[in-house]
Amino acid sequence: MSDQFVKVVHTGFLRRMANSIFGVLFGILLFFGSFVVLWMNEGRIDYSAVAAPSQVANADRVDPATDGKYVSITGALTASEAVGDDPYLNPGPYVRLERNVEMYAWVQESSSETTSNTGGSSTTKTTYTYKQQWTSSPADSSNFEVPQGHSNPSMAIQSETRLAPSATLAAYQVDIQTLEIPDGKALPLTRTIVRLGDESQLVDNYIYSGTGTPGTPKIGDLRISYTALASGERVTAFGVQKGGQLTPYMYRGETQFYRALSGDRTTAIATLRSEYVTLGWILRIVGFFMMWIGLMLCFNPISTFLDILPIAGKASGCLISGASAGAALVLTTITVIIAVIAHNVFLLAILLALIIGGAAFWGKMAKNKMQPQ
């Protein structure tokens, strides 16, 4: 079930100019903020490089030879006792158990279309669509544009994560409360592990409860699913061995690295590298779009003013957008290159050597030219 409402807003020329001038301030913040994002991104820690120097510790028994050293341990991550979710799920062999709750609720979607009018005013037509669907974060319906008839109740059950009280990695104790562990997998639900109440049922790997049915749910109905990291999962963890315990490693004395990843040591380090590269490109793209949007906002008053004649405003808008994209691409590339060099001691040393060498060569050439022949 869904319905739509349309809202039409007419904005005069002076108000549009005021809004565009105010947008310049936000554009300046975005523009300069993009440099911060790009610079900090290139200075992020590559944890694959942090993990590589660790020594491989004997997983089958506590080895005195690696006591007090930064190590990696590959073995089964095992919970000390079963973990359950009362009153919905019986205890089972899980290191981490995540309850995922969804509610059948009203969801607001909107789309807008703005038309420029001769004289500089504009007309914005916004279409609000209300749909009923499953969501893990139902909106506060009082904030809807049209709250009447689209009321969402509060969720009676919340999502929650439970950890085993303690755990071991092969022959070593780990602090499961602070150790960063892999994501879990969807837990198949069966009647042997699920606790069903009088008003709940097991359908399609969900515990369903509400006044409706799984086929025709009603607003406020709930469904629960689970993800779990099974006890005995083979992982590789990095930390400092202290006797029979694996404790956090402090990189350069200030950044804690205490993490377990699925698979063997080679796979774990490759995963860390992949995470570093992927996030790096994401943040570069984010920085570029921040710069691009910031520049467009800074020059937006020009196209808003020229929008007195819509064809002139549209043409100037396209020109500003294209020029801003080109400038943002050039500035992003230059910033990334400079940041990469500045955050790499080896590359920085080479650059300084080239600058000093170039200056010395130029000085020598200038001195030779000044000498009489």
Spatial distance of atom CG (Asn100) from atom OG (Ser136) [nearest 0.5 Å]: 8.0 Å
Heavy-atom side-chain contact between Val71 and Ile73 under 4.5 Å: yes
Heavy atoms of other groups near Asp140 CG, more than 12 under 6.0 Å: yes
Asp3 vs His150, side-chain contact (heavy atoms from CB on, under 4.5 Å): CA-CA, chis, key distance, verdict: CA-CA 10 Å; Asp3 52 341; His150 308 116; 3.0 Å; yes
Heavy-atom side-chain contact between Met17 and Phe22 under 4.5 Å: no
Presence of salt bridge, Glu42 and Arg284, under 4.0 angstrom: yes
Same cluster (ILVMFWY, side-chain, under 4.5 Å), Leu306 and Ile320: yes
Residue list, side chain to side chain contact (heavy atoms under 4.5 Å, CB included) with Asp175, at least two apart or on another chain: Gln177, Thr178, Tyr258
Which atom of Trp134 lies closest to which atom of Asp221, heavy atoms considered: CZ3-O, 3.3 Å
Ser80: partners by side-chain hydrogen bond (donor to acceptor under 3.5 Å, both in side chains), with sequence neighbours left out: Ser166
Test: Arg223 cationic atom under 6.0 Å from Tyr208 six-membered ring centre, within 45° of axis: no
side-chain hydrogen bond (donor to acceptor under 3.5 Å, both in side chains) assessment of Thr213 paired with Thr216: CA-CA 5 Å; Thr213 65; Thr216 55; 2.7 Å; yes
Asn117 backbone acceptor or donor facing Ser121 side chain under 3.5 Å: no
Partners meeting salt bridge (charged side-chain N to carboxylate O under 4.0 Å, His left out) with Arg99 (sequence neighbours left out): Asp85, Glu160
Verdict with supporting geometry, Thr124 and Thr114, side-chain hydrogen bond (donor to acceptor under 3.5 Å, both in side chains): CA-CA 4 Å; Thr124 301; Thr114 300; 3.1 Å; yes
Leu77 and Val174, any side-chain heavy atoms less than 4.5 Å apart: yes
More than 12 heavy atoms from other groups under 6.0 Å of CE on Met250: yes
Separation of Ser231 OG from Leu97 CG (nearest 0.5 Å): 12.5 Å
Residue pair Phe5 / Tyr130, side-chain heavy-atom distance below 4.5 Å: yes
For Pro182 against Ala260, the heavy-atom pair lying closest together: CD-O, 3.3 Å
Among Tyr276, Tyr251, Phe257, ring-ring contact (aromatic ring centres under 6.0 Å, His included) partner for Tyr47: Phe257
Results of side-chain hydrogen bond (donor to acceptor under 3.5 Å, both in side chains) for Thr192 - residues two or more places apart only: Thr190
Phe289: ring pair (Phe, Tyr, Trp, His ring centres under 6.0 Å) partners, not counting sequence neighbours: Trp292
Test item: side-chain donor near acceptor, Ser200 and Ser209, under 3.5 Å: no
Gap between atom CH2 of Trp106 and atom OG of Ser141 - 0.5 Å precision: 11.0 Å
Tyr104 and Thr135, any side-chain heavy atoms less than 4.5 Å apart: no
Contact summary for Ala51 and Tyr70, nearest pair of heavy atoms: CA-OH, 3.4 Å
Interatomic spacing from OG1 in Thr129 to CD in Gln108 - rounded to 0.5 Å: 9.0 Å
Modelled atom types, side-chain donor and acceptor of Asn19 and Arg16, under 3.5 Å: no
Close side-chain approach of Ser303 to Met296, heavy-atom, < 4.5 Å: no
Main-chain N/O of Gly317 paired with Asn300 side-chain donor or acceptor, under 3.5 Å: no
same_hphob_cluster(Ile285, Leu329) at 4.5 Å side-chain heavy-atom cutoff: yes
List the atom pairs, donor and acceptor, that lie under 3.5 Å between side-chain atoms in residues 236-246 and the rest of the protein, sequence neighbours left out.
from   : atom 1 : to     : atom 2 : distance (Å)
Thr236 : OG1    : Thr74  : OG1    : 2.8
Thr236 : OG1    : Gly263 : O      : 2.8
Thr236 : OG1    : Asp264 : O      : 3.3
Thr236 : OG1    : Arg265 : N      : 3.2
Gln241 : OE1    : Thr66  : OG1    : 2.4
Gln241 : NE2    : Asp63  : O      : 2.9
Gln241 : NE2    : Gly243 : O      : 3.4

pair Thr332-Val330: side-chain heavy atoms closer than 4.5 Å: no
Enclosure of Ile311 CD1 (heavy-atom neighbours >12, cutoff 6.0 Å): no
Heavy-atom neighbours of Arg15 CZ exceed 12 at 6.0 Å: no
Same cluster (ILVMFWY, side-chain, under 4.5 Å), Leu279 and Met40: no
Verify same cluster id: Val277, Leu272 (apolar side-chain graph, 4.5 Å): no
Atom of Leu189, atom of Leu89 and distance for their closest heavy-atom approach: CD2-CD1, 4.0 Å
Expected output: side-chain Ser274 to main-chain Ala270 donor-acceptor under 3.5 Å: no
Non-hydrogen atoms of Val24 and Pro301 that approach each other most closely: CG2-CG, 3.6 Å
Val336 vs Ile334, side-chain contact (heavy atoms from CB on, under 4.5 Å): CA-CA, chis, key distance, verdict: CA-CA 6 Å; Val336 168; Ile334 293 173; over 6 Å; no
Side chain Ser316, main chain Gly313, donor-acceptor under 3.5 Å: yes
Single-linkage hydrophobic cluster, 4.5 Å side-chain cutoff, Ile181 and Tyr94 together: no
Tyr172 side chain to Arg61 backbone, donor-acceptor under 3.5 Å: yes
Side-chain heavy atoms of Lys185 within contact of Tyr226, under 4.5 Å: no
Test salt bridge (charged side-chain N to carboxylate O under 4.0 Å, His left out) applied to Glu180 and Arg96, step by step: CA-CA 11 Å; Glu180 187 177 350; Arg96 180 177 62 202; over 6 Å; no
Salt-bridge criterion met for Lys314 and Asp307 (N-O under 4.0 Å): no
From CD1 (Ile269) to CG (Leu261), nearest 0.5 Å: 9.5 Å
Heavy-atom closest contact (Ile176 atom, Ala164 atom, distance): CG2-O, 3.2 Å
Inter-residue atom distance Ile207.CD1 - Ile224.CD1, 0.5 Å rounding: 5.0 Å
Residues, nucleotides or ligands: over 12 heavy atoms within 6.0 Å of Phe305 CZ: no
